[in-house]
Trainee: 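Would you mind keeping the following structure in view while I ask a few things?
For the single chain, residues carry numbers from 1 onward in sequence order. Below, all heavy atoms of this structure are taken into account, side chains as well, without hydrogens, waters or symmetry copies.
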Amino acid sequence: MDILTLLPFIVLIGAMFLMTRSAKKKQQAAANMRDQMQPGTGVRTIGGLYATVKEVNDDTVLLEAAPGVHLVFAKNAIGAVLSDEEYNRIVHGDDPSADTEIVPDDASSLTGADDADAPADDAKLDLGKKTEKAEGDEAEKDGVEPKNGKADGEADAK
């Protein structure tokens, strides 16, 4: 057999080996993360539930989602073990950087008006599109004949 005929098979086997190796590393990292759980640690489940660990068993974890609400989850259902700061920030809304300047989530406070509903000091600019009739009326009011030389309601004869 020629080496060129075996080359595609060798490349395919090598790619499969690399993919399974990276998947095993991810599984090992997840298992190490789950082993770090201790009572009092904040966690997030794969379903998005934030809770505090109350008890860790071999295959299950007892979580407290709210005061007096205890839930039993499989260890595999724990998506992330959170640090105390991150857990408190997400669940309780504690923000350690509360002393920094707060950025508004709308542009109304950037206009300089004290109240969001109060108009600004500047006169509002009309950005609406004017119709031809309105332009003709304005020209007549100024004593100037309309651009097209026709009075209102007149049309071109065909």
Trainee: Under 4.5 Å side-chain heavy-atom separation, chaining through any Ile, Leu, Val, Met, Phe, Trp or Tyr, what else clusters with V11? Say none if it is isolated.
Mentor: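 Taking Ile, Leu, Val, Met, Phe, Trp and Tyr as members, V11 shares its hydrophobic cluster with L7.
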Trainee: How far apart are the closest heavy atoms of A51 and A65, and which atoms are they?
Mentor: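 The answer is CB-CA, 3.9 Å.
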Trainee: Enumerate, atom names and distances included, each donor-acceptor pair closer than 3.5 Å involving a side-chain atom of residues 12-23, sequence neighbours excluded.
Mentor:
unit_1	atom_1	unit_2	atom_2	d
T20	OG1	M16	O	3.2
T20	OG1	F17	O	3.0
S22	OG	M19	O	3.0

Trainee: Considering residues at least two apart in sequence or located in another chain, which fulfil the side-chain contact (heavy atoms from CB on, under 4.5 Å) criterion with N57?
Mentor: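 Listed in chain order: E55, T60.
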Trainee: Side chain to side chain contact (heavy atoms under 4.5 Å, CB included) between L63 and V53: does it pass, once the steps are laid out?
Mentor: CA-CA 5 Å; L63 301 178; V53 176; 3.8 Å; yes
Trainee: I'd like to know whether D35 forms a side chain to side chain contact (heavy atoms under 4.5 Å, CB included) with K75, so could you lay out the CA-CA distance, the side-chain angles of the two residues, the decisive distance to 0.1 Å, and finally the verdict.
Mentor: CA-CA 9 Å; D35 290 338; K75 268 189 173 180; 4.3 Å; yes
Trainee: If hydrophobic clusters are built by linking Ile, Leu, Val, Met, Phe, Trp and Tyr wherever their side-chain heavy atoms come under 4.5 Å apart, do V43 and V56 end up in the same one?
Mentor: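 Shared cluster, yes.
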Trainee: For A74, enumerate each residue passing the side-chain contact (heavy atoms from CB on, under 4.5 Å) test, keeping only those at least two apart in sequence or located in another chain.
Mentor: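 None.
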Trainee: Does a sphere of radius 6.0 Å around CG in D59 hold more than 12 heavy atoms from other residues, nucleotides or ligands, not counting ones at 6.0 Å or beyond?
Mentor: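 Counting neighbours around CG of D59, 12 or fewer heavy atoms of other residues, nucleotides or ligands fall under 6.0 Å, so no.
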Trainee: Please enumerate all residues that pass side-chain contact (heavy atoms from CB on, under 4.5 Å) together with I90, with sequence neighbours excluded.
Mentor: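 Checked I90 against side-chain contact (heavy atoms from CB on, under 4.5 Å); matches are Y50, E86.
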Trainee: In terms of hydrophobic clustering (I, L, V, M, F, W, Y; side-chain heavy atoms under 4.5 Å; direct or indirect links), are L71 and V61 co-clustered?
Mentor: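 Yes.
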Trainee: Do I46 and I78 share a hydrophobic cluster, counting only Ile, Leu, Val, Met, Phe, Trp and Tyr and linking them when any side-chain heavy atoms are less than 4.5 Å apart?
Mentor: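 No, I46 and I78 fall in different hydrophobic clusters.
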Trainee: Considering residues at least two apart in sequence or located in another chain, which fulfil the side-chain contact (heavy atoms from CB on, under 4.5 Å) criterion with T52?
Mentor: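 T52 satisfies side-chain contact (heavy atoms from CB on, under 4.5 Å) with Y87 once adjacent residues are dropped.
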Trainee: If I take atom NZ from residue K54 and atom OG1 from residue T41, how far apart are they, to the nearest 0.5 angstrom?
Mentor: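 Separation between the atoms: 11.0 Å.
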Trainee: Are L49 and F73 packed together at the side-chain level, in the sense that at least one heavy-atom pair is separated by less than 4.5 angstrom?
Mentor: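 The answer is yes, as the side chains (C-beta and beyond) meet within the 4.5 Å cut-off.
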